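Input: a single structure, listed below in structure tokens.
Owing to the predicted nature of the structure, the values given are computational and were not obtained by experimental measurement. The chain is numbered in sequence order, starting from 1.
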Amino acid sequence: MTTLPFPHIDSAPRTQLYIDGTWCNSAGGRRLQVVNPSTEAVIAEVEAGSAADVDIAVRAAANAFPAWKATTGARRAALLHAIARGVEARRDVLAALQSRNNGKPLAEAQIDVSDVVATFDYYADLAAQLDDTAESAVALPSSDYRAVIRREPAGVVALIVPWNFPMVTTAWKLAPALAAGCTVVLKPSEVTPLPELELAAIVAEAGLPSGVFNVVTGTGVDVGAPLAAHPRVAKVSFTGSTGVGEQVMKTAAETIKGVSLELGGKSSIVVFADADLDLAVELVAGGGFFNAGQMCSATSRVVVERPVADALVARLAERAKQLVVGDPFQPGVQMGPLTNRAQYERVQRYIAQGKADGAREVIEGSVPPGPGYFVRPTIFVEVAADSVVWREEIFGPVLCVRAFDTEDEAIGIANDTDFGLVATVVTRDSTRAKRVADALEAGVVWVNAPQAIFPQTSWGGYKRSSIGRELGPFGLAAFQEIKQVLSAVEAV
Ligand code: NAD
């Protein structure tokens with residue numbers, strides 16, 4: 001049994017919907033159970049929202065939109081900074097809720113909280129700049145006209161997020177949406193609503209006008225689909241699986257609303273023979289086992305130059321063996337359970353499939369006895385390029401290794417996928433690193449670096465991984481409409 005550092009979370013987790021400035025029950029009165037993946041115990045029940053709740057929330061957001069759009073960037077900035085400070089003040093509660101609901105080690109949950117703080121502070125600064133930058137003059141080839149381009153908030157936006165990085169994926173959407181002047185209906189994953197509802201409480205307490213920010217918990221079918229379909233929603237920003245993203249895009253197409261999609265991945269880490277092998281092992285392990293491999297950005301394909309392939313696999317196996325898997329609240333634990341039973345079963349099926357397809361399997365480390373969705377770190381070697389485990393996103397602590405002989409072959413192997421989210425290159429040769437980074441079809445390339453993500457940069461991928469980009473100025477632009485106002489000079 002996990003010992004909670006914050007016992008009050010057990011007794012009074014926030015569970016209601018937040019609509020129009022009020023915590024309320026769902027229209028249908030149904031509830032969903034929330035499970036701790038380390039113990040498989042039910043730890044809370046949350047409201048199971050429906051299309052009726054979505055409609056009430058969207059209308060509240062639509063009513064709040066004109067006034068929120070009219071606020072200054074400076075005012076919105078002050079509120080976003082207030083949210084960041086609120087998150088900081090409740091850092092330990094938020095981290096504990098994440099570990100308890102998602103299963104990630106407490107140290108990883110703390111990293112997520114820091115990311116949330118940095119994201120709100122960054123978009124607060126961009127909001128403040130909007131007072132000067134939202135409107136800009138355009139030089140025209142005619143003196144008869146004057147033109148300005150304005151960036152305006154898109155309207156009511158639906159934010160639909162997954163369970164692997166619940167608060168981070170929310171912050172990457174919520175902060176720029178509010179900064180831009182949009183009003184929001186957030187749908188957390190039904191698997192991990194608890195940290196999201198705590199984050200919602202902080203946002204609520206920051207003093208946003210009623211209706212600007214709304215949260216409807218529930219399933220994808222009952223809440224996500226009606227949100228994507230709602231005619232008053234101007235834009236859907238979705239992070240989740242590629243299959244559901246496709247569904248969201250089809251639904252949004254019926255009312256011609258904009259979509260931003262952050263979907264799956266099957267990314268490579270390319271290790272050249274000249275690489276620092278200690279660094280390579282760290283980077284491969286980080287890209288494969290962080291968050292128990294449940295990362296859209298998992299570099300689960302290890303593409304290694306043949307002369308160092310055996311050495312790298314041997315050291316990876318050793319690293320996997322040393323990985324401490326267990327209760328996310330125990331000090332020293334480096335990997336928790338998978339976040340839900342469905343994912344656990346899915347990963348077990350992939351491991352069985354990998355074996356059936358003839359890949360050589362290196363399973364190392366141990367998992368705690370008893371309940372919990374724990375999976376041992378698994379490495380498949382000699383994996384066929386057309387095999388299921390090589391081609392499909394597994395979303396668990398499973399690495400697949402293939403060796404290469406030439407740089408071109410490595411690039412070809414890395415790019416031979418329907419996805420294109422991220423890639424990592426490990427080499428001491430900076431000229432080659434640049435060449436390979438240029439050739440990789442991925443939205444993010446890390447060179448000799450861990451998966452560090454700064455809100456100032458960009459997030460998103462090529463091909464079936466994404467439509468649009470989050471973070472940086474791109475993340476803000478995703479929630480803006482562009483309007484030109486052209487005036488005849490004489491008539492003015
Ligand atoms: P998922 O697609 O099952 O669910 C994501 C969200 O969509 C949940 O809130 C879910 O309730 C909702 N949903 C489900 N059906 C819906 C429907 N028909 N209409 C509208 N909403 C619906 O994904 P998941 O299992 O929660 O998350 C794992 C996936 O997320 C992985 O594929 C991973 O790669 C991806 N992901 C991508 C990024 C990225 O930045 N590219 C980041 C994190 C996770």
Side-chain angles (χ1 to χ4, degrees), residues 98 102-119 122 161-172 239 262-272 275-304 312 316 319-320 323 334-336 338-339 377 379 393-401 414 417 419-427 433 436-437 440-462 465-466 469-472 474-475:
Q98 278 231 124
N102 164 286
K104 65 180 71 188
L106 206 47
E108 289 187 21
Q110 291 277 2
I111 295 172
D112 285 7
V113 178
S114 299
D115 187 311
V116 172
V117 171
T119 302
Y122 170 70
V161 296
W163 44 255
N164 61 335
F165 288 91
M167 291 192 310
V168 168
T169 47
T170 292
W172 288 10
T239 298
E262 288 299 339
L263 308 175
K266 189 72 185 178
S267 301
S268 292
I269 177 164
V270 183
V271 180
F272 285 93
D276 172 340
L277 267 201
D278 289 338
L279 175 68
V281 170
E282 278 310 304
L283 298 182
V284 173
F289 302 140
F290 193 82
N291 206 29
Q294 300 167 115
M295 295 191 290
C296 51
S297 59
T299 39
S300 55
R301 285 178 163 190
V302 183
V303 184
V304 53
L312 183 73
L316 276 177
R319 186 72 169 58
L323 208 66
Q334 295 163 305
M335 197 172 96
L338 299 191
T339 302
I379 303 163
E393 181 181 52
I394 297 175
F395 225 57
V398 183
L399 292 170
C400 295
V401 184
T417 162
F419 299 105
L421 191 55
V422 305
T424 300
V425 183
V426 197
T427 174
V436 175
L440 287 169
E441 295 162 358
V444 181
V445 179
W446 288 288
V447 177
N448 297 324
Q451 295 199 0
I453 302 169
F454 295 95
Q456 291 78 5
T457 55
S458 67
W459 187 258
Y462 287 32
S465 285
S466 303
R469 290 291 182 273
E470 297 196 306
L471 298 183
F474 320 101

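Phe272 is listed as a side-chain neighbour of Val425, based on a closest heavy-atom distance under 4.5 Å. Within the 4.5 Å cutoff, the side chain of Leu399 has heavy atoms near those of the Phe289 side chain. Residues Leu277 and Leu312 meet the side-chain proximity criterion, which asks for heavy atoms closer than 4.5 Å. No side-chain heavy atom of Asp112 sits less than 4.5 Å from a side-chain heavy atom of Asn102. Side-chain contact check for Ser300 versus Val398: every heavy-atom pair is 4.5 Å or farther apart. Put simply, the side chain of Gln98 reaches to within 4.5 Å of the side chain of Pro166, judged on heavy atoms. Side-chain contact between Leu338 and Pro397 is present, with heavy atoms from C-beta onward closer than 4.5 Å. In this structure the side chain of Thr239 reaches within 4.5 angstrom of the side chain of Glu470, judged on heavy atoms.
To the nearest 0.5 Å, the span separating OG1 on Thr424 from CD on Gln451 amounts to 5.5 Å. To the nearest 0.5 Å, the span separating CG on Asn291 from CZ on Phe395 amounts to 7.5 Å. Put simply, CG on Leu283 and CG on Asp276 are 9.0 Å apart, with the number rounded to the nearest 0.5 Å. Taking CH2 from Trp446 and OG from Ser267, the interatomic distance works out to 8.0 Å, rounded to the nearest 0.5 Å. The CG atom of Leu106 lies 10.5 Å from the CD1 atom of Ile111; values are rounded to the nearest 0.5 Å. In this structure, OG1 in Thr299 is found 10.5 Å from NZ in Lys266, a value given to the nearest 0.5 Å.
Exactly one residue among Phe454, Phe165, Trp172 makes a ring-ring contact (aromatic ring centres under 6.0 Å, His included) with Trp459. That residue is Trp172. Put simply, the residue from Val303, Val426, Leu279 that forms a side-chain contact (heavy atoms from CB on, under 4.5 Å) with Val271 is Val426.
Across Gly265 and Glu393, no two heavy atoms sit closer than the pair N-OE2, 3.1 Å. When all heavy atoms of Ser465 and Phe419 are compared, the pair lying nearest together is OG-CB, 3.4 Å. When every heavy atom of Ser466 is checked against every heavy atom of Leu421, the shortest pair comes out as OG-CD1, 3.9 Å. Listed here is the closest heavy atom pair of Ala285 and Leu316: N-CD2, 4.3 Å.
Ser458 contributes no side-chain N or O that, together with a main-chain N or O of Gly472, makes up a donor-acceptor pair within less than 3.5 Å. Put simply, the side chain of Ser268 never gets that close to the backbone of Val270: no donor and acceptor are under 3.5 Å apart. Of the possible polar contacts, one joining the Arg469 side chain to the Gly461 backbone as a donor-acceptor pair under 3.5 Å is found. A donor-acceptor pair under 3.5 Å links the side-chain atoms of Lys104 to the main chain of Asn164, judged by distance alone.
Under 3.5 Å, the side chains of Glu262 and Thr169 contain no donor-acceptor pair of N or O atoms.
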